[in-house]
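Data first, discussion second: the structure below is written as structure tokens.
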Amino acid sequence: EAGVVQSPRYKIIEKKQPVAFWCNPISGHNTLYWYLQNLGQGPELLIRYENEEAVDDSQLPKDRFSAERLKGVDSTLKIQPAELGDSAVYLCASSWASGRNEQFFGPGTRLTVL
Amino acid sequence: SQQGEEDPQALSIQEGENATMNCSYKTSINNLQWYRQNSGRGLVHLILIRSNEREKHSGRLRVTLDTSKKSSSLLITASRAADTASYFCATVAPYGNKLVFGAGTILRVKS
């Protein structure tokens, strides 16, 4: 079974530039999550999708961050414009249903904003 | 905000020794999960223990849960160099649908 796929794995950009991350969840997983992980910390939820609906985006900084999950499968997370403080690892995860169960994580995208 | 706090922050042991990591949390839970993260495989689910369970085993892993003390422990027996990683506990609230992670314990197993 293929795992959660994310791309790119690494991204270096200058501040004020836009950036986008892509995630393909495990086939059949209805629930998709985007997390932010700062160095030395655990992941923090940015947004959770049930199929194509964003059911929890309370932690997403909506002034510069946006996300979409077209057709309830792949998802894209965008930052525009990026700031120095956005440097972190962005993780995508998926699960069979809701958020109570085991989640499967992708390898993450390490973003560096210069 | 992070619900759980792992203790210790870092742990260094010799191969073959046991490693114990603790997690304390603040509010009631539906379940508590442990994850491992290393550079090679990313974040991987290890074990889930529900609020009505007290102990679970999976291979060399043993997890305990004490809801009265709002704490959990993860024991890795006969550690191997490959167990070197960060270990995170994550909790799910009784009516919630999301994981809230702690800051993690860094485990180093020396061969």
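To find a chain, count down the sequence lines: A is the first, B the second, and so on, and within it residues start at 1. What you see is a predicted model, and the numbers here were worked out from it, not measured in a lab.
Taking chain A as the reference chain and counting heavy-atom pairs below 4.5 Å, the highest number among B:Pro94, B:Cys89, B:Ser86, B:Gly104 is found for B:Pro94.
Under the 4.5 Å side-chain heavy-atom criterion for Ile, Leu, Val, Met, Phe, Trp and Tyr, B:Ile106 and B:Phe101 are members of distinct hydrophobic clusters. Under the 4.5 Å side-chain heavy-atom criterion for ILVMFWY residues, a single connected hydrophobic cluster contains both B:Val109 and B:Leu74. Under a hydrophobic-cluster definition in which Ile, Leu, Val, Met, Phe, Trp and Tyr are linked whenever side-chain heavy atoms come within less than 4.5 Å, directly or via other members, A:Ile79 and A:Leu84 are assigned to the same cluster. Hydrophobic clustering of Ile, Leu, Val, Met, Phe, Trp and Tyr side chains at less than 4.5 Å, counting indirect connections, unites B:Met21 with B:Leu65.
Residue pairs meeting the salt bridge (Lys or Arg N to Asp or Glu O under 4.0 Å) criterion with at least one member in residues 76-94 of chain A, sequence neighbours excluded, are A:Arg64-A:Glu83, A:Arg64-A:Asp86. Sorted by first and then second residue, the salt bridge (Lys or Arg N to Asp or Glu O under 4.0 Å) pairs with a member in residues 71-88 of chain B read B:Arg60-B:Asp83; sequence neighbours excluded.
Within residues 44-53 of chain B, the residues approaching chain A closer than 4.5 Å by heavy atoms are, in numerical order, B:His45, B:Leu48.
Closest non-hydrogen pair, B:Leu99 versus A:Tyr35, comes out as CB-OH, 4.0 Å.
Neither the backbone nor the side chain of B:Gln9 comes within less than 4.5 Å of any heavy atom in chain A. Contacts between A:Asn38 and chain B at a heavy-atom distance below 4.5 Å are absent for every atom of the residue.
Other residues, nucleotides and ligands place no more than 12 heavy atoms under 6.0 Å from the CG atom of A:Leu39. Heavy atoms of other residues, nucleotides or ligands lying less than 6.0 angstrom from NZ of B:Lys69 number 12 at most. Remark: A:Lys11 NZ is loosely packed, at most 12 non-hydrogen atoms of other residues, nucleotides or ligands lying under 6.0 Å away.
At least one donor-acceptor pair under 3.5 Å links the side chain of B:Tyr35 to the backbone N or O of A:Gln103.
Considering CZ of A:Phe105 and CD of B:Gln37, their distance stands at 8.5 Å, rounded to 0.5 Å. Annotation: the span from B:Lys98 atom NZ to A:Arg48 atom CZ amounts to 8.5 Å, rounded to 0.5 Å.
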Subject >> Audit row: A:Gln37, B:Phe88, side-chain contact (heavy atoms from CB on, under 4.5 Å) steps and yes/no >> reply: CA-CA 12 Å; A:Gln37 186 176 23; B:Phe88 296 91; 3.6 Å; yes
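Listed by chain and residue number, A:Tyr90 satisfy the ring pair (Phe, Tyr, Trp, His ring centres under 6.0 Å) test with A:Phe21 (two or more places apart in sequence, or in another chain).
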